[in-house]
S.K.: 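Have a look at the structure that comes next, please.
All heavy atoms count here, side chains included; hydrogens, waters and symmetry mates do not.
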Amino acid sequence: MEAEMIDVPPQSKKLQKSSQPLQRITIKSPEHSYSHLKMTFDPPLDPPGMVDAITWRTTLTNSLMQYLGVVGSAIRIDILHIEGDEAVLRLPTTDVVKFGAAVSGFVGTSEGRSVGFKTLGDSAFLMGLIGRAKKEHTWNGFGN
């Protein structure tokens, strides 16, 4: 079976141009920022890495309360994703510095264990935070 070639005329220049001009948008002060944290325990959990949302919420509230008092415990924190002992959080950009200071210096107790946080990343944009984490996983074990 043979296929027949048909000449298609090129589109006119009017159809090629967009009716709306391109616009560039710059977000200078985003409303929210994102943080990727890891909860660490001493002695370690057995099995390692199973932390629930209630433990995350209470431990974060305790760290903010210890560092900033009642005002710190009122910071709006949304837990977006929990995987094992790591979580991705969203918080107001105006509170990022206070939040970072509170969780980096926190040592508390949970179920008879010492608990603290390790900051794995911060970003004003969620894709910037997740992209950085995925990039690290891409190169793990390379060349071994």
Side-chain angles (χ1 to χ4, degrees), residues 1 3 6 8-144:
M1 178 183 261
I6 300 173
V8 178
Q11 292 182 348
S12 68
K13 290 188 178 187
K14 288 182 183 178
L15 293 177
Q16 290 178 353
K17 288 188 177 183
S18 175
S19 61
Q20 295 179 346
L22 295 176
Q23 295 180 354
R24 179 177 290 175
I25 297 172
T26 303
I27 301 173
K28 292 185 179 181
S29 56
E31 184 178 350
H32 294 99
S33 289
Y34 301 88
S35 184
H36 184 190
L37 296 180
K38 179 175 183 165
M39 194 178 291
T40 59
F41 293 92
D42 187 32
L45 291 176
D46 188 37
M50 292 301 172
V51 183
D52 62 349
I54 294 173
T55 304
W56 271 101
R57 175 64 65 191
T58 56
T59 308
L60 287 169
T61 302
N62 289 341
S63 70
L64 292 167
M65 185 76 152
Q66 180 179 350
Y67 186 73
L68 300 166
V70 176
V71 174
S73 66
I75 293 175
R76 293 174 296 138
I77 299 172
D78 298 321
I79 301 173
L80 301 179
H81 179 73
I82 297 173
E83 188 173 320
D85 58 355
E86 296 181 15
V88 176
L89 311 172
R90 179 177 64 186
L91 56 145
T93 300
T94 56
D95 297 325
V96 168
V97 174
K98 293 182 276 189
F99 175 79
V103 298
S104 66
F106 176 72
V107 177
T109 57
S110 176
E111 300 174 6
R113 301 172 193 273
S114 295
V115 63
F117 296 104
K118 178 180 179 183
T119 302
L120 302 176
D122 289 315
S123 179
F125 300 99
L126 183 58
M127 288 307 296
L129 184 66
I130 293 173
R132 188 177 344 185
K134 297 298 180 192
K135 181 180 173 186
E136 290 174 8
H137 291 301
T138 301
W139 296 107
N140 281 349
F142 182 72
N144 290 333

S.K.: Quick one: are Phe99 and Thr119 in side-chain contact, heavy atoms under 4.5 Å?
M.R.: no
S.K.: Taking Ser123 for its side chain and Tyr34 for its backbone only, find out whether a donor-acceptor pair lies under 3.5 Å.
M.R.: no
S.K.: Are Asp122 and His36 packed together at the side-chain level, in the sense that at least one heavy-atom pair is separated by less than 4.5 angstrom?
M.R.: no
S.K.: Do Thr40 and Phe117 touch side chain to side chain, with heavy atoms closer than 4.5 Å?
M.R.: no
S.K.: Which residue pairs pass the salt bridge (charged side-chain N to carboxylate O under 4.0 Å, His left out) test when at least one of the two sits in residues 100-119, sequence neighbours left out?
M.R.: none
S.K.: Might you point out which heavy atoms bring Ser33 and Ala124 nearest each other, and give the distance in Å?
M.R.: OG-CA, 4.0 Å
S.K.: Nearest 0.5 Å, please: how far is CD in Glu86 from NZ in Lys38?
M.R.: 5.5 Å
S.K.: List the atom of Arg57, the atom of Asp78, and the distance in Å for their closest heavy-atom pair.
M.R.: NH2-CA, 4.4 Å
S.K.: Going by atom type alone, with no hydrogens or angles, which donor-acceptor pairs under 3.5 Å involve a side-chain atom of residues 62-75 and a protein atom two or more places apart or on another chain?
M.R.:
| residue | atom | partner | partner atom | Å |
| --- | --- | --- | --- | --- |
| Asn62 | ND2 | Thr58 | O | 3.2 |
| Ser63 | OG | Leu60 | O | 2.8 |
| Ser73 | OG | Val70 | O | 2.8 |

S.K.: For Ser110, which residues count as a side chain to side chain contact (heavy atoms under 4.5 Å, CB included) partner, sequence neighbours excluded?
M.R.: Phe41, Thr55, Val115
S.K.: Which distance, rounded to the nearest 0.5 Å, do you find between the NE2 of His81 and the CZ of Arg90?
M.R.: 15.0 Å
S.K.: Show the nearest heavy-atom pair for residues Ser104 and Ala101, with the distance to one decimal.
M.R.: OG-O, 3.4 Å
S.K.: Quick check: closest heavy atoms across Leu91 and Ser35, and the distance to 0.1 Å?
M.R.: CD2-CB, 4.2 Å
S.K.: Distance from Ile82 atom CD1 to Asp52 atom CG, nearest 0.5 Å?
M.R.: 7.5 Å
S.K.: Taking side chain as C-beta onward, heavy atoms only, is Leu80 less than 4.5 Å from Leu89?
M.R.: no
